Amino acid sequence: MKQSKLFVKSRKEVQSEETSINAQLLLKAGFVDKLMAGVYTYLPLGLRVLDKIKNIVREEMNKAGGQEILMPALTPKEIWVQTNRWENFDALFKLESNNHEYALGATHEEVVTPLLQKFTFSYKDLPQAVYQIQTKFRNEARSKSGLLRGREFSMKDMYSFHTDEEDLNRYYAEMEKVYEKVWERLGIGHITVKTYASGGAFSKYSHEYQTFAPVGEDLVYYCPKCKVAINKEIIEDLEHACPECHGKDLEEKTSIEVGNIFKLMTKFSGACNFNYTAADGSVKPVIMGCYGIGPSRLMGTLAEIYNDANGLIWPKAVAPFQIHLLSLGDRDESVQNEIMSAAQKLYEQLTAAGWEVLWDDRVQASNGEKFKDSDLFGIPLRLVLGKQSLQAQSVEVKLRNQENGESLPISEDLEKKLKEIYNNYAV
Ligand code: ATP
Ligand code: MG
């Protein structure tokens, strides 16, 4: 993509009420735009990041046998009354039109349970797992931390349906592995831990996945021995001990909840009268589990964790592009033209070889602005073509998370060398 074609420009300043690092950086870099508190537009570069996060989640859910669907965001009041959540779900956005009442989807048990009920009759129809990656709406009281707590935000919600608790437990354990894989692929595996949280009325615990970060709203107690944490909200019940090793050497940490898994058991199948016929002919309630991940919150989390004084530093897996190619300006018009045509050639070669390249081909912008934007955008590999490199038939190559770069000759070998350097990018 050519940067001159982007309608979005980076900004020098952002609204002062945005104090969180992720909001500051994402707004400055022009990855998102804020419409109102907790509600954002994803701009071209930001949308590429969000889509990459969603696709990693999608791939892992598919591997775990999840079937992707897309449920409506507009839902009738009646289904929420049936499960007793019209009054009890605090953050539900409710609307009324022509004497009908509706809720904007804040979660989808009310839709997915009757949906599966239409197709499930006997034990032969189970187990099943369905998921969606969809926009959720919640009237959150505090929406002041950028993408971390949206009023309109992206959620992956998976729901599983089983004949009995044993089968749910099997799938639940499988999902723990799948979730770990997702965090690893996103570059936060080393700072994201399974966390014991309250399980509501239906099981002793649920599990959250908490990513350690100073900005986090959650407080957890981490057991370094078992590599699990306990949410503050249940630590009293556990007498400040790890539920796995019973040790009391716990470290207090602030963290961001990036996902959670929950045994719903019969909470919703019971409310919806969702039963199946077992092999022995008896009629039994379907047992359910649910598994959430927040892609937009993850994008905010990555921005919070991976940055420096000059801007974002995206992990490879989610960076909007792999290469940021800068063609520098020059006062001498013929030199300038040479730089542009060399850059054009390189851009085409790299793109044809499968690299995702953003080419800063702007002629109006100063060289200083180009370097500044490049640091701000946080694309892993930066290639610079200027007068000096052109004379030496070379290109300046630098990784975003390293101080110094190197000069590489523009030759047949260049692409291979770039691959090596790119593979060394730590995140
Ligand atoms: P929290 O305690 O942070 O409000 P939650 O327990 O309400 O989260 P769930 O309803 O289980 O979260 O949603 C599943 C996932 O969706 C969460 O783990 C989180 O990653 C994401 N999520 C929840 N609320 C928001 C929000 N307001 N903005 C962005 N992501 C969210
Ligand atoms: Mg919540």
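Atoms within each ligand, like the ligands themselves, are counted from 1 in listed order. Not measured: the values here are computed from a predicted model.
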Practice item. Cation-pi check, Lys94 to Tyr102: give yes when NZ or CZ is under 6.0 Å from the six-membered ring centre and within 45° of the ring axis, no otherwise. Key: no
Point to revise | Reference residue Ile293; test side chain to side chain contact (heavy atoms under 4.5 Å, CB included); the match among Met155, Met158, Met61 | key: Met61
Check your understanding: Contact residues of ligand 1 with a heavy-atom cut-off of under 4.0 Å?
Key -> Arg138, Glu140, Leu148, Arg149, Gly150, Phe153, Met155, Glu257, Val258, Gly259, Asn260, Gly294, Arg297
Exercise for review: Using the six-membered ring wherever Trp is involved, compare the ring planes of Trp183 and Tyr209 and label them parallel, tilted or perpendicular (cut-offs 30° and 60°).
Suggested key: tilted
Exercise for review: Determine the interplanar angle of the Phe274 and Phe161 rings, folded into 0 to 90°, and report it as parallel if under 30°, tilted if 30 to 60°, perpendicular if over 60°.
Suggested key: tilted
**Study point:** Pairs flagged by salt bridge (charged side-chain N to carboxylate O under 4.0 Å, His left out) wherever residues 52-80 is involved - sequence neighbours left out
**Key:** Lys52-Glu356, Arg58-Glu68, Glu59-Arg185, Glu60-Lys63, Glu60-Lys181, Glu60-Arg185, Lys77-Glu101
Check your understanding: Under 6.0 Å from the six-membered ring centre of Tyr276 and within 45° of its axis: does the NZ or CZ of Lys284 meet both?
Key -> no
